[in-house]
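Below is one structure, written out as structure tokens, with a few remarks after it.
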There are 2 protein chains.
Amino acid sequence: MLQLERQQDLMRLLRERKSMTVKELCGALFASPATVRRDLQVLEQAGLLTRSFGGAVLCETFPDQQPFAVRSGAHVTEKKRVAAKAALLIHPGETVFLDASSTTSYIVPHLRDIPDLTVITNGPRTCLLLAEYGIRSFCTGGEMLEGSHALVGRDAEVYVRGIRAHVCVFSARGVETDGDITDSSKAERDLKIAMLERAARSVLVHDSSKLGRCYPYVICPYTAPDNIVGE
Amino acid sequence: MLQLERQQDLMRLLRERKSMTVKELCGALFASPATVRRDLQVLEQAGLLTRSFGGAVLCETFPDQQPFAVRSGAHVTEKKRVAAKAALLIHPGETVFLDASSTTSYIVPHLRDIPDLTVITNGPRTCLLLAEYGIRSFCTGGEMLEGSHALVGRDAEVYVRGIRAHVCVFSARGVETDGDITDSSKAERDLKIAMLERAARSVLVHDSSKLGRCYPYVICPYTAPDNIVGE
DNA sequence: CTCACCTCGATCGTTTTTGATCATTTATGA
DNA sequence: TCATAAATGATCAAAAACGATCGAGGTGAG
């Protein structure tokens, strides 16, 4: 069997099963463990899968298994439910700001069914996801923040201020129902404020882990957003 | 049998079987391995198939419409070698433009060892990769091109024109050694030209599948780049 | 008819792939 | 924490495929 053919088969299998062990792949592809491992190495480099001891996991651009999902891993199902609810607040033909958080990225799949949307985000990962779902999307420029994988800084702000959107969907690290909505990064906070200022409506999405937390940089008071979507 | 007739038969077979070995093709076409290989070479140049050691795999859709993941899966080892060579042309402290192609993204791991770099890219995927490797990186803004996952348009160009870089590392869809370096997307071409204009040096990286191909949008003549890195 | 030209197949040195071996690392449970 | 079993990466040798080159055969123009 050809190398490329085998690698394509491997990916096909992985797409079905989401994850497979080296042993399983050996059986399915009629190849030795060494060969399977070599293929996995190549495909991991290409960003198509993530290797793990004993096998490999399909690498979807989805945040679930991404490295930066360390923070978000625990609340995935909750975030998905929240995202589904928030998507109901977005209407056909609108222009939407999405911030760079993992919570907001879960909204993307729900946007596919809303026609004629334009989405602007400062999250490269969210932007890629939007492209995969065939949604017209724009990315702000800016400096890459290592921790959160968000684009921030003056360039990002200038970009946002050049746009008028119907709605801004954003998240935050801390949400106090009797106080403020706060963030731990000044750069990200500044950008969120810019987005809020340039959008007619605002929607805060948050999972339960954010409640009661407080961080140094205030985005806005809890009463400010037009909608707050939690559980 | 005529050459053209044989090549048409080869493609017909390949369309049925999706992939075939050189041996199989020899038997089916009553030709020697050398002849089959020559045909495969021609047909690969034409973009109809992808060669793999031992045979060839059908190139399903037109390359332009091929999903990014599939396209980037081919020629991986070659791209990695080319990228490693190109990385040697980048020096500590420099500011670097990287375009959004898969070939240039393979340079990223090699940049980790070069201190004090600043990298600007119009590829969200490349930008994420840079962040993962802890390299100070910036992303241009712009509209997301669905096919290639590149950020393009006026916003991207304005961003690039606000920067002066030491070197621009770029790739192209078509490379003719006695002609031009060309691309299939006007928007991407325009951005590459902008990057080249704002960089003191230029490095073209390409794998062998690009050689001899020609696309409508000219980036620059083959003689223009300061360095050309292939195999 | 002869010459130039093109295609094809054969040969040979080189490269690629692959499975085996072995030391090292990793996960897991005592 | 430590031991054990499994998985991994590195290295190697053999087999297969590859590219380059050369000569044979066939075709068309002069």
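Lettering follows sequence order; numbering is per chain, from 1.
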In whole angstrom, what separates [X]'s [atom1] from [N]'s [atom2]?
X	N	atom1	atom2	value
A:M1	D:dA17	CE	C1'	18 Å
B:Q41	C:dC8	CD	P	14 Å
A:L29	C:dG19	CG	C1'	15 Å
B:D39	C:dC6	CG	C1'	14 Å
B:E5	C:dT7	CD	P	15 Å
B:L4	C:dC8	CG	P	11 Å
A:Q7	C:dT18	CD	C1'	13 Å
A:L2	D:dA16	CG	P	16 Å

ask   = Would you find a donor on one side and an acceptor on the other, under 3.5 Å apart, between the side chain of B:T103 and the backbone of B:V205?
value =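 Checked: no pair found.
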
task = Show your reasoning for whether side chain to side chain donor-acceptor pair (under 3.5 Å) applies to B:E188 and B:S148.
result = CA-CA 9 Å; B:E188 279 192 85; B:S148 61; 3.0 Å; yes

Out of [options], whichever nucleotide has its closest atom nearest the side chain of [X]:
X	options	result
B:Q3	D:dT8, D:dG19, C:dT7	C:dT7
A:A34	C:dA20, D:dA7, C:dA10	C:dA20
B:F53	C:dG9, C:dG19, C:dT16	C:dT16
B:R38	C:dT15, D:dT21, D:dT8	D:dT21
B:R51	C:dG9, D:dG19, D:dG9	D:dG19

Within 45° cone of A:Y133 ring axis and under 6.0 Å: A:R112 NZ or CZ =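 No, A:R112 and A:Y133 do not form such a contact.
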
message = By nearest heavy atom, map A:P33 and B:P33 onto DNA chain C; which one lands nearer the 5' end?
response =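 This one resolves to B:P33.
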
Non-hydrogen side-chain atoms of B:H166 and B:I90 separated by less than 4.5 Å = no

message = Counting only side-chain nitrogens and oxygens, does B:T35 get under 4.0 Å of the OP1 or OP2 atom of C:dG9?
response = yes

task = Answer yes or no: does a side-chain N or O of A:R6 lie under 4.0 Å from OP1 or OP2 of C:dT18?
result =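 Yes.
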
task = Select base, sugar-phosphate, or nothing to describe what A:S52 touches, counting heavy atoms under 4.0 Å on all strands.
result = sugar-phosphate

ask   = Salt bridge or not for A:K192 and A:D99, using N-O below 4.0 Å?
value =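 A salt bridge links A:K192 with A:D99.
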
